[in-house]
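This report refers to the structure that appears directly beneath it.
All ligand and atom numbering here is 1-based and tracks the order in the structure.
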Amino acid sequence: MSVTGEPSFRQSVDLMFNRAASMMDLPPGLEEKIRVCNATYTVRFGVRLRGEIRTFTGYRSVHSEHFEPAKGGIRYAPNVNQDEVEALAALMTYKCALVEAPFGGSKGGLCIDPRQYEEHELEQITRRFAYELIKRDMINPAQNVPAPDMGTGEKEMAIIADQYARMNTTDINGKACVTGKPPHAGGIRGRVEATGRGVQYALQEFFRHPEDVAAAGLGGSLDGKRIIVQGLGNVGYHAAKFLSEEDGAKIVGIIERDGALLDPEGLDVEAVKNHIARTGGVDMFPGPRYIKDGVKALEEECDILIPAALEGVINLQNAANIKAPLIIEAANGPVTAGADEILRKKGTVIIPDLYANAGGVTVSYFEWVKNLSHIRFGRMQRRQEESRHQLIVNELERLSADTGIGWQLTPNFKEKYLRGADELELVRSGLDDTMRSAYQSMREVWHSRNDVTDLRTAGFMVSIGRVAASYRAKGL
Ligand code: GLU
């Protein structure tokens with residue numbers, strides 16, 4: 001327990017696990033085997049920068065290997081620590097199981113504030129960190145496959161892939177050693193937006209079930225819903241953008257490091273994003289109300305709260321004041337175990353992280369498969385699909401003319417129908433399907449058992465059940 005009376009992040013995840021496991025019928029040995037983190041590797045390495053040697057500390061933790069490779073991002077942040085990477089690795093296990101991505105769970109981190117370094121320095125540091133992990137098979141297409149997380153992105157992933165290629169010159173599957181690469185370096189279209197897109201698909205699926213919407217005390221559709229989002233990084237930005245531009249939701253609050261913007265009429269996400277890129281924060285953005293104590297804005301009135309930044313932001317201090325009836329956890333671990341209990345008792349519906357932000361790893365799975373198959377999705381079928389559709393359109397138009405009925409296919413329909421799906425459309429379709437089925441598997445448990453009163457416990461139960469089944473199949 002820390003001074004705040006909260007357990008650590010890892011203990012918090014374990015408490016959530018225990019709550020779910022206690023409602024299942026697992027032999028205690030197997031329960032323990034699933035819960036514990038298999039291994040955490042700590043590396044300290046020096047890099048010569050600005051005329052001196054600087055020592056960095058990094059971690060790669062493997063929570064489970066019931067499927068290999070183990071999968072999960074690498075985070076760059078000053079306060080990364082072992083407890084945190086182990087908690088995040090555990091979440092990866094449950095996340096992958098829930099969305100049926102055939103991976104174990106892993107996570108890495110480097111203690112660094114990336115904003116303090118130049119691009120070429122970050123490249124040097126990333127290369128060296130990758131080298132340390134690759135030589136121990138902690139990065140490997142068959143064993144452990146990192147991806148972006150907080151503070152990392154396409155650039156770092158491209159460097160990791162390149163470092164792996166230099167050290168494994170004959171590995172034909174080398175590109176699959178890391179996901180989240182830029183499309184021109186073996187990546188897949190739609191990976192950058194994937195986690196935010198997944199949050200959008202998760203909410204769309206939630207709103208397809210009026211019973212679930214009513215459980216949150218809401219009604220209707222996403223159209224007009226008031227949303228507060230914390231963190232306009234990759235995940236928060238894409239989620240807010242898609243929900244406001246495509247689903248008619250209103251972003252009434254944006255919380256950033258230096259404060260929060262609030263506007264009941266809805267904020268222009270793109271404009272706020274540009275302002276942050278220019279000035280480094282949301283302060284001085286013209287128009288909406290600005291409050292310096294941004295975290296306080298989590299307690300503002302809204303329909304949906306999207307914490308998309310750090311872990312532990314909804315905790316024992318503020319949980320009782322949260323007014324949003326629906327929270328969707330775009331970040332990993334934004335609600336502590338203690339806060340979860342308070343919110344559950346209040347009747348707040350929480351769409352949990354292990355489901356809500358699984359869009360990233362889902363599209364990582366597609367990228368990994370693409371790398372191993374060495375061909376872009378849709379390359380073989382696209383034109384064939386188009387020519388078959390053309391056949392139908394020609395035939396319909398001929399029939400219409402021959403019979404004198406005079407039907408006209410609208411140009412918009414023709415254009416949409418005739419176009420074969422490209423990689424981005426296929427990725428989105430695969431992601432949408434994944435988010436729908438994963439939600440359905442959670443809600444089935446939520447609604448079929450009286451003792452399960454929340455989606456998090458239901459999600460954990462589905463995941464733990466699947467991991468347990470895979471261990472059992474191996475005779476454990
Ligand atoms: N870092 C992301 C997460 O927390 C993505 C992991 C991945 O794509 O492997 O889910």
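Checking each of T93, D14, N18 against R35 for a side-chain hydrogen bond (donor to acceptor under 3.5 Å, both in side chains) leaves exactly one that passes, namely N18.
Among residues at least two apart or in separate chains, salt bridge (Lys or Arg N to Asp or Glu O under 4.0 Å) pairs with a member in residues 180-203 are K181-E367, R189-E423, E193-R197, E193-R428, R197-E246.
Listed by chain and residue number, V252 satisfy the side chain to side chain contact (heavy atoms under 4.5 Å, CB included) test with K250 (two or more places apart in sequence, or in another chain). In this structure, R472 has no side-chain hydrogen bond (donor to acceptor under 3.5 Å, both in side chains) partners at least two apart in sequence or on a different chain.
Under a 3.5 Å cut-off, the side chain of N318 and the backbone N or O of E299 do not form any donor-acceptor pair.
Y94 has its ring centre less than 6.0 Å from the ring centre of F17.
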Can you pull every nitrogen or oxygen pair between ligand 1 and the protein closer than 3.5 angstrom?
| from | atom 1 | to | atom 2 | distance (Å) |
| --- | --- | --- | --- | --- |
| ligand 1 | 1 (N) | P148 | O | 2.8 |
| ligand 1 | 1 (N) | D149 | OD1 | 2.7 |
| ligand 1 | 4 (O) | K95 | NZ | 3.1 |
| ligand 1 | 4 (O) | K107 | NZ | 2.8 |
| ligand 1 | 4 (O) | D149 | OD1 | 3.4 |
| ligand 1 | 4 (O) | N332 | ND2 | 3.2 |
| ligand 1 | 8 (O) | R191 | NH2 | 3.0 |
| ligand 1 | 8 (O) | S364 | OG | 2.6 |
| ligand 1 | 9 (O) | K71 | NZ | 2.8 |
| ligand 1 | 10 (O) | K95 | NZ | 2.8 |

